[in-house]
Structures are given as C-alpha cells and as structure tokens.
Amino acid sequence: MTAPDHTLAELLIVACSELYRDNGEIVATGIGPIPRLGASLAKSTHAPELLMTDGEAYLVEDPVPIGPRGYDDRKPSGYLPFSRYFDSAVWTGKRHAVVSPIQIDRFGQMNLSYIGGSFEKPKVQMLGARGFPGNTIHHINSMFVPAHSTRIFVPGEVDSVSSVGYNPARRLAGADFSGVDLRFIVTNLCVMDFGGPDHAIRLVSLHDGVTVDEVKAATGFDLIVDGTPPTTPAPTAEQLEIIARLDPHNIRATVIKGNPSGTRG
Amino acid sequence: MTIKTFDKRTTADAVIGKLRDGMTIGIGGWGPRRKPMALVRALLRSDLKDLTIVTYGGPEVGMLLAAGKVRKVIYGFVSLDAIPLEPYFRKAREAGGLEVLELDEGMLQWGLKAAALRLPFLPTRVGLGTDVFEQGGFKTVASPYEDGEVLLAMPAIPLDFALIHVHRADRMGNSQALGPDTYYDDWFAKAAKEVAISAEEVVDRLDHSYPEDAKANLFERCFVQHVVEAPGGAHPTSMPPAYGWDMAALKAYAASAAEEGGWDRYRDEKVGPDEAHYLAQAGGIEAISKLPFPIF
C-alpha cells in the first residue's frame, strides 16, 4: 500500500510517537512542536495510558491542540504544576522527555548550556543546564534533532555536559547511575538508538531516500550500522488526520526548513 | 486594656530600604511569570549593589544585571520563555566576570528546601555525571546505611530576603495566588529570613473578603513580614487570571539590549522615578488588565 502524501515533519511526528510505545503509565513530555505532537499522537492512538499536560499546569486526557486557541480550552483531569513535576514525575522516574539539545556526543551526553569559551566566559551563552541533570539520572529520555549535522553530533565530548550519558569516565564511583535510560534519537535523516556495544549510538531506520553514507557524513562520531537499516514507517491516513486536528494552524510546517515532502523520490 | 493592632502593610520603597549591600535575595515567580516586578523596579531605583540573586530567572535578572546591582546569580535558568535567551543575562555571561551558580531546576528547589528545613544540605543524585557538579564545586556524601550510595550533597541556599508577588493579601500577611501554577514561592518564602509580598490588591482581612479562595494560599503568614499593594505589580510578566504577559513590552526590553545606551534609555523612559510613572507609560492598569493570557 502506498503511503498518503505527507511531509517530513509529519513523518517525524509519527516517529516521535513511537518513542512512547510500551512506556507504561508515565508523563510524556515532548518539548517543541514535533515532539509534543508526537506525544499527543501516541496518547491518541497506541498509548492512551500516558499522562500529559496542557503545556502548563493541568493534566489532560484529550491532548490539547498546539497554537492559538481559547485560553481555557482544556478539560483538566489532574494537576501537575512545575513544583510537583519534580515530586511526581522527574525524581520518581515516571516520565519520558523528548528534548532538543544543542550538542550530542557519542556517549549520549547532551549540551544545552553554552558553546565555546569556558563556563566562566562562554563564547555563546545558551539556555543553561535547565532540568537536564535531573531528567537524565532519573527517567527515560529521547532526543529530537531537526537538522542532523556534525555541529550537533560532535566529535569528542560536548562543550558542556548538561546531562548524564554513558561516558565511563564520568561515572563517579559509588554513585547510582541505574536510572540513566537514553532511548532514541529522531532526526530529519534517521532514527537512532543506544543499542550498540557499551550503549554506542546505532542506526535504527533511515527516512525515505536517505543513505547510510549521508547519515555518517553528518555525524561527528562513528555510528554503528547493523546490516541494511529499514525505512522509517510513513504516516497512515488515520495518523495524518489526527495530526491535522492536533495542529490546526499547521505549525509543523515551520519546523523543518522548506517543509519538504516525506518522500524524497 | 489595650487592643493591639497587627498590620504588616508598608511601601515598596520602605521594603527596599530594609535591604543591604551584599545580601542574598530570592525572587519568586518563574521566568516571565508572576514576578514581583514592582519591588524589583524599586530595587532598580535604589543604590543597592553586590547582591546575590536566587531565582528561576526572567527579566528581573537581566534588569538587575544591567543596572549593576548584582555580584552573583544562583539560577535554575534565566529566560523570557517566548524569547528563550534573556539578552542582558547573556551579555553579562559572555563578557565574563559574572559569578554564577548554574543549577538544575530541581537542585535549586532542593537547596531552598534544605534552607527552609534548616538543614545544611539534602542528598540527591541530580548533578552527578554532569559539568554542573564541578562548576558548582559540589561535594558528595555517602549513605551511612548498608547501601553506601554516593550522593551529591546539595547545600542549603538560605536567603536574607525573598520578594514575591501575589494576587491578594491582607494586612496580616495572609495571601492568595490564583493562577494555574504556584511555582516555588512557598520554598522561597520559607528559605528566607524576611519576606516581602506585593499584591494586586490588599484588603484588611482575607477571611472577610475572599474566604472561598483560601486554597490559593501558598505559605503561612508567619513567613511574611511586609505587605505592599502594587496593582500591575507583575507587569510585564504574566499574572493570570488578572492579566497575561506584555509581549510588546518584553520585546522592547529585549531589543534595548542590542542598542547603544539601551539600558540607560530603558531605565529612564520605562522604569522612571516611581511606580506611578511606570504604570502610566505601560498604559495604566486598565490596559494591563486587558493583556491576553499566553497559550502554551
């Protein structure tokens, strides 16, 4: 069966929705339009057990569409304000966050803090570590990268380690890193996971028309490739319909430069 | 027989008059949301300096840095949300020389809780395995039980003073914050030696005026020493259900950071000599009360 016409952004939303499969009854947090739509799509289809907020303080069972809407257009089923996040979702391990760091290294260590210079005098100050240290030592995390390149997937270590990865040199003796659980990386080219030897980053699937060489050239470290990777599944007509309802203003069209088609051929 | 009165009402300038150079000041709210901006503006108009600011930071951090009030910032983040990078904070960081303690958002809450509970530290796994550990100069502690787990000892962050903005207060220091999120204001209040709250409305007694909203009380009045009436006191940050953030004002503030003499102009034209000037240039409380709520 041929997949219906779809954009790359829509394909990525479906790929992000798959990240939450069989996670159980946890809080799904997708930061940014595509990860958030992915979480909402997952909850609307294969993972109704997920907990999710309206983007602010209330838990909802019907995912709230993104973009302009009535301020009170939500039906709250519960309450999860910022301070309860740590008590109820982060430090308890009951969460899966999909985030977009500014750098990722071969250990899965992420940088959100600054680029270049030093901590005392950063060349470019970015967001800071924010919740990354606590998120990564306590609950599941995945990543979304809208422009796969060697600027994001850096050789060596990231400029500042905002989040725990699998770097043995940073495993403090006697500490408990058993909560570190990095799952997937969805990019505009492919899906990867941490399934190589010693949690090395491994290619899982290639988006339509993308080659292994193309991904390797855009990645600053060695990538594990087992055999011939499959093609990332395209959205179904039903998924596209749900996505359109969750994103009535087509904000998804603005995420990937030029809003390309999901099929390259 | 005398009947004692119990009244904590005062003015923003009187509150700021109680602060001293070098103090550690906690600021409630979160990013560009429910920030005690009227109190911050009073601080901007003062001669205070060398302050340590503890906050989930929004525009108050950039303004206080630009005005030369700050020696050190202890933060979970500094952001204007829809404008992700606070421009004056960024400038100060990239110029070097600003002392900072960059914390995971949960670690900041943990440090405030330790101070509130009068403990030297609280253990956590958060920060281990990241650069936050070395940058913060943190130490570890081993569990004294059989597990022996090595944990980060998050030091208490005691505050000399906390500044918090709420919807309503009364003369005794009872308060109500009505918005959807309470942020971490309760921990700022309890971690501080002294607390000033500003409120959109101050009444004689909340039990007489708004008893139905008692669950919106975030911290007990024993943690509050000063009560200031400040309508529009969170502007340009958001204050639902009273008003949303003023994105045009936040954009103009952010743009000033890129202009030659931008801060001096912002201070003279916007902050001005007093809060009456500020409210007038912002369009008055009528215009502020019509600001739409942000949608996430």
Side-chain angles (χ1 to χ4, degrees), chain A residues 53-58 64 66-73 76 79 81-86 90-91 109 111 113-114 117-138 158-165 167 170-177 179-180, chain B residues 30 33 56-57 75-79 84-86 89-100 102-107 109-110 124-135 140 142-143 147-152 179-187 240-241 244 292-296:
Chain A
T53 72
D54 64 341
E56 202 171 9
Y58 295 102
V64 174
I66 62 171
R69 61 179 186 275
Y71 179 70
D72 291 321
D73 285 359
Y79 184 46
F82 287 121
S83 74
R84 257 163 77 166
Y85 243 102
F86 299 116
V90 180
W91 293 21
Q109 297 178 136
N111 178 14
S113 189
Y114 68 88
S118 64
F119 180 65
E120 286 67 35
K121 193 176 188 299
K123 186 154 182 283
V124 184
Q125 173 71 39
M126 299 300 284
L127 285 174
R130 294 214 63 158
F132 276 27
N135 295 353
T136 46
I137 206 157
H138 279 307
V158 291
D159 288 0
S160 185
V161 178
S162 303
S163 74
V164 194
N167 185 357
R170 287 183 178 264
R171 292 298 171 92
L172 190 72
D176 183 351
F177 290 95
V180 179
Chain B
W30 198 92
R33 306 175 200 199
Y56 292 90
Y75 57 91
F77 58 81
V78 181
S79 174
L85 305 170
E86 215 293 345
F89 170 71
R90 218 175 174 197
K91 271 173 95 163
R93 285 285 288 138
E94 291 170 8
L98 172 65
E99 205 182 325
V100 298
E102 180 171 298
L103 297 170
D104 170 273
E105 295 162 26
M107 286 172 93
Q109 182 197 38
W110 214 222
T124 178
R125 293 185 187 125
V126 176
L128 297 175
T130 74
D131 278 332
V132 169
F133 182 75
E134 287 83 19
Q135 287 159 2
T140 57
S143 164
D147 57 273
E149 183 178 341
V150 172
L151 296 153
L152 186 149
D181 209 308
T182 54
Y183 314 121
Y184 305 91
D185 288 6
D186 46 346
W187 297 108
F293 305 126
I295 287 170
F296 301 100

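Letters A, B, ... are given to chains in the order of the sequence lines, protein chains preceding strands, and every chain is numbered from 1.
Taking B:F133, B:Y184, B:W187 one by one and counting their heavy-atom pairs under 4.5 Å with chain A, the maximum is reached by B:Y184. For chain B, the option among A:P122, A:A129, A:G128, A:G70 with the highest count of heavy-atom pairs below 4.5 Å is A:P122. Chosen from A:R171, A:Q125, A:M126, A:H138, the residue pairing most often with chain B at heavy-atom distances under 4.5 Å is A:Q125. Counting heavy-atom pairs closer than 4.5 Å to chain B, the top residue among A:I137, A:V164, A:D176, A:L172 is A:D176. In terms of non-hydrogen atom pairs under 4.5 Å with chain A, the most contact-rich of B:V126, B:V150, B:V100, B:D131 is B:D131. Interface check for chain B: of the options A:G179, A:G134, A:P133, the most heavy-atom pairs under 4.5 Å are formed by A:P133. Considering only heavy-atom pairs separated by less than 4.5 Å from chain B, the leading option among A:T53, A:V124, A:D73, A:V90 is A:V124.
When heavy atoms are compared at a cutoff of 4.5 Å, B:P240 approaches chain A solely by way of its side chain, counted from C-beta outward. For B:S79, the part lying under 4.5 angstrom from a heavy atom of chain A is the side chain only. At a 4.5 Å heavy-atom cutoff, the contact between B:L103 and chain A is made by backbone atoms alone. When heavy atoms are compared at a cutoff of 4.5 Å, A:N111 does not approach chain B at all. Contact of B:A142 with chain A is not made at all, since no heavy-atom distance falls under 4.5 Å. Heavy atoms of B:L151 lying under 4.5 Å from chain A are absent altogether. In this structure, the portion of B:T124 lying under 4.5 Å from any heavy atom of chain A is its side chain and not its backbone. Heavy atoms closer than 4.5 Å to chain A are found in the side chain of B:E134, but not in its backbone. For a residue to count as touching a neighbouring chain, one of its non-hydrogen atoms must lie under 4.5 Å from one of that chain's; by this rule A:S162 touches chain B with the backbone only.
Atom-to-atom distance recorded for B:Q135:CD and A:S160:OG is 4.5 Å, nearest 0.5 angstrom. Interatomic distance, A:F82 CZ to B:Y56 OH, rounded to the nearest 0.5 Å: 10.5 Å.
Annotation: side-chain contact (heavy atoms from CB on, under 4.5 Å) contacts of B:P84 (sequence neighbours excluded): A:L127. Residues passing the side-chain contact (heavy atoms from CB on, under 4.5 Å) test with B:I295, sequence neighbours excluded: A:R69, A:Y71.
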For this session: Tell me, with the steps shown, if B:E105 and A:R130 meet salt bridge (Lys or Arg N to Asp or Glu O under 4.0 Å).
Result: CA-CA 6 Å; B:E105 295 162 26; A:R130 294 214 63 158; 3.0 Å; yes
Exercise. Is there a salt bridge (Lys or Arg N to Asp or Glu O under 4.0 Å) between A:R84 and B:D181 once you walk through the steps?
Worked result: CA-CA 10 Å; A:R84 257 163 77 166; B:D181 209 308; over 6 Å; no
Exercise. Which is it for B:E102 and A:Y114 under the side chain to side chain contact (heavy atoms under 4.5 Å, CB included) test, yes or no, and what are the steps along the way?
Worked result: CA-CA 12 Å; B:E102 180 171 298; A:Y114 68 88; 5.9 Å; no
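If you check the side chains of A:S83 and B:Q109, you find no donor sitting under 3.5 Å from an acceptor.
Residues B:D104 and A:F132 are not in side-chain contact: their nearest non-hydrogen atoms beyond the backbone lie 4.5 Å or more apart. Side-chain contact between A:E56 and B:F293 is absent, with no heavy-atom pair separated by less than 4.5 Å.
A donor-acceptor contact shorter than 3.5 Å links the side chain of A:Y79 to the backbone of B:P180. In this structure, A:E120 contributes its side chain and B:G96 its backbone to no donor-acceptor pair below 3.5 Å.
Closest non-hydrogen pair, A:V161 versus B:G129, comes out as CG1-O, 3.7 Å. A:S163 and B:T130 get closest at one heavy-atom pair: C-CG2, 3.8 Å.
Under a cutoff of 6.0 Å and an axis angle of 45°, B:R93 and A:F119 form a cation-pi pair.
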